[in-house]
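Let me begin by presenting the structure, written as structure tokens, before commenting on it.
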Amino acid sequence: MKRHLISTSDLSRDDAILILDTAEEMARVADRPIKKLPTLRGRTVVNLFFEDSTRTRISFEAAAKRLSADVINFSAKGSSVSKGESLKDTALTLQAMGADAVVVRHHASGAPHRLAGSGWLDGSVINAGDGTHEHPTQALLDAFTMRRHLAGAADGGPTMHQGPGDGTGRDLAGRKITIVGDVLHSRVARSNVHLLHTLGAEVTLVAPPTLLPIGVESWPCEVSYDLDAVIPKSDAVMMLRVQRERMNAAFFPTEREYARRYGLDGDRMARMQEHALVMHPGPMNRGMEISAEVADSHRSTIVEQVANGVSIRMAVMYLLLGGNEPAVAAANPTRTEETPK
């Protein structure tokens, strides 16, 4: 495992499989009465968030605490950043306080890469989303969810009725994954395209031309403008939020027009394969890219993705900070955080 996690394009197939398999071990810990492992006791993890977040920040905090790490939550609002402190000076402050890992979310693309390569920090840097660039742990938890349903099901072929299984050691070879929506502003889409391709999946992006980035033809995926043509062949359909806060122009005529052409509703869901999944990285705009009926349906893995996020982030921190021994050893049920006195 490398020292930092900045981009899914840095991960080989073996790296990705190692993280997903380790997350399977971590997921078993969540089923125990005592959900903590002593693995990172004495280590300090700093959540350095320059953008608003609910799921990602809480997920990283829960993951670090389950590994017995000390967690410091840093929010740019109410900190010296609002007084004009630079990223460098913030990093040097964290280094002086002995941070072993820094989880960074930043509005500027490339900020985690700058931190990782600057020499300002001795600890590991984990990218929790940088601008419109990447969000690697979100892609990993998405792949983990897909693998459990599509590769972890019985050999006779997956169905939604079987529920998730153990996909340990498997990839997503041959699976057709469709990512729909605001690809232009989506760091989740970029990370998913690279990771899913590495795992052998066939990825198709579906969006209006105005919401596709320049140079998308060089990405390892197909591009389509017709959602109805792609849906019946998909093993998983991931809907992306329309990120109005990043838009400074009119990218489509009206919200109603967008929902009609690129929204996932009950009629489109009915044309999906029996085993196909509906995914969304959150937060959702119900009624726009996804209807309430679809979001709450039996195909939806949206809440499951949140739960899997904790397991993936535990696996990433374990491998970056303490993972020389197998995760199975760390997940020994006889070991708890401490012996009750």
Side-chain angles (χ1 to χ4, degrees), residues 3-10 43-65 69-142 182-192 213 240-248 281-285 306 309-310 312-313 316-317 320-321:
R3 185 178 161 206
H4 309 291
L5 179 60
I6 306 300
S7 167
T8 54
S9 59
D10 296 333
R43 300 297 191 99
T44 301
V45 175
V46 178
N47 288 329
L48 183 61
F49 277 64
F50 292 85
E51 275 190 332
D52 295 338
S53 173
T54 301
R55 274 160 295 275
T56 304
R57 181 177 55 80
I58 292 174
S59 180
F60 268 109
E61 182 176 357
K65 287 181 174 178
D70 298 316
V71 182
I72 299 173
N73 288 316
F74 175 101
S75 175
K77 294 176 182 176
S79 74
S80 293
V81 172
S82 61
K83 301 176 184 177
E85 183 174 71
S86 68
L87 180 63
K88 177 180 180 178
D89 290 327
T90 300
L92 292 174
T93 300
L94 298 178
Q95 172 63 24
M97 293 179 179
D100 295 293
V102 179
V103 178
V104 187
R105 167 164 288 190
H106 203 282
H107 51 80
S109 298
H113 184 272
R114 179 74 175 122
L115 277 180
S118 63
W120 303 331
L121 291 168
D122 291 337
S124 296
V125 176
I126 302 171
N127 183 1
D130 59 329
T132 60
H133 179 227
E134 286 223 32
H135 193 350
T137 58
Q138 178 68 47
L140 284 162
L141 74 88
D142 291 338
D182 185 3
V183 178
L184 177 64
H185 302 102
S186 177
R187 51 195 173 209
V188 174
R190 285 167 174 78
S191 288
N192 263 299
L240 301 174
R241 179 174 66 91
V242 174
Q243 300 187 37
R244 296 187 188 90
E245 72 275 11
R246 300 187 193 276
M247 293 183 178
N248 54 11
M284 292 182 285
N285 292 323
V306 176
V310 178
I312 280 290
R313 285 156 183 146
V316 168
M317 284 189 274
L320 288 177
L321 297 180

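Computed from heavy atoms alone, side chains included, the values below leave out hydrogens, waters and symmetry copies. Keep in mind that this is a model prediction, so the values were computed, not measured.
Here Leu48 contributes atom CG and Ile72 contributes atom CD1; the two are 11.0 Å apart, rounded to the nearest 0.5 Å. Taken to the nearest 0.5 Å, the CG atom of Leu141 stands 11.0 Å off from the CZ atom of Arg55. Atoms CD1 and NE2, on Ile6 and His113 in that order, are 7.5 Å from each other to the nearest 0.5 Å. Within the model, atoms CG of Leu240 and NE2 of His185 stand 12.0 Å from one another, a figure rounded to the nearest 0.5 Å. Between the CG atom in Asp52 and the OG atom in Ser75 there is a gap of 7.5 Å [rounded to 0.5 Å].
Ile312 places none of its side-chain heavy atoms less than 4.5 Å from the side chain of Gln138. Using a 4.5 Å heavy-atom cutoff, the side chains of Val104 and Val125 are in contact. No side-chain heavy atom of Thr132 sits under 4.5 Å from any side-chain heavy atom of Leu184. Counting heavy atoms from C-beta on, the side chains of Ser186 and His135 never come closer than 4.5 Å. Looking only at side-chain heavy atoms (C-beta outward), Ser59 and Val306 stay at 4.5 Å or farther from each other.
Thr44 contributes no side-chain N or O that, together with a main-chain N or O of Asp70, makes up a donor-acceptor pair within less than 3.5 Å. Side-chain N or O atoms of Arg3 include none that pairs as donor or acceptor with a backbone N or O of Ser124 at under 3.5 Å. Judged by distance alone, with hydrogens and angles left aside, the side-chain atoms of Glu134 form a donor-acceptor pair with the main-chain N or O of Thr8 at under 3.5 Å. Gln95 places a side-chain N or O within donor-acceptor distance of the main-chain N or O of Asp122, the cut-off being under 3.5 Å. Using a distance-only test at 3.5 Å, with no hydrogens or angles considered, no donor-acceptor pair links the side chain of Arg241 to the main chain of Asn285.
For Ala128, the side-chain contact (heavy atoms from CB on, under 4.5 Å) partners are Phe49, Thr56, Phe60, Val103, Arg105, not counting sequence neighbours. For His133, the ring pair (Phe, Tyr, Trp, His ring centres under 6.0 Å) criterion is met by no residue, not counting sequence neighbours.
If you run side-chain contact (heavy atoms from CB on, under 4.5 Å) between Val46 and each of Thr93, Leu94, Asn73, only Leu94 comes through.
The two residues Pro112 and Asn127 have their closest heavy-atom pair at CG-OD1, 3.5 Å. Counting all heavy atoms, side chain and backbone alike, Ala69 lies closest to Val45 at CB-CG2, 4.0 Å. For the residue pair Met317 and Ala63, the shortest heavy atom distance occurs at CE-CB, 3.5 Å. Considering every non-hydrogen atom in both Ala101 and Leu321, the closest pair reads CB-CD1, 3.8 Å. Of all heavy-atom pairs between Leu140 and Leu5, the closest is CD1-CD2, 4.0 Å. The shortest heavy-atom contact between Gly131 and Ser109 is CA-OG, 3.7 Å.
Between Phe50 and His106, the angle of the ring planes lies from 30° to 60°, which puts this pair in the tilted group.
The closest side-chain donor-acceptor pair between Asp89 and Ser86 falls under 3.5 angstrom.
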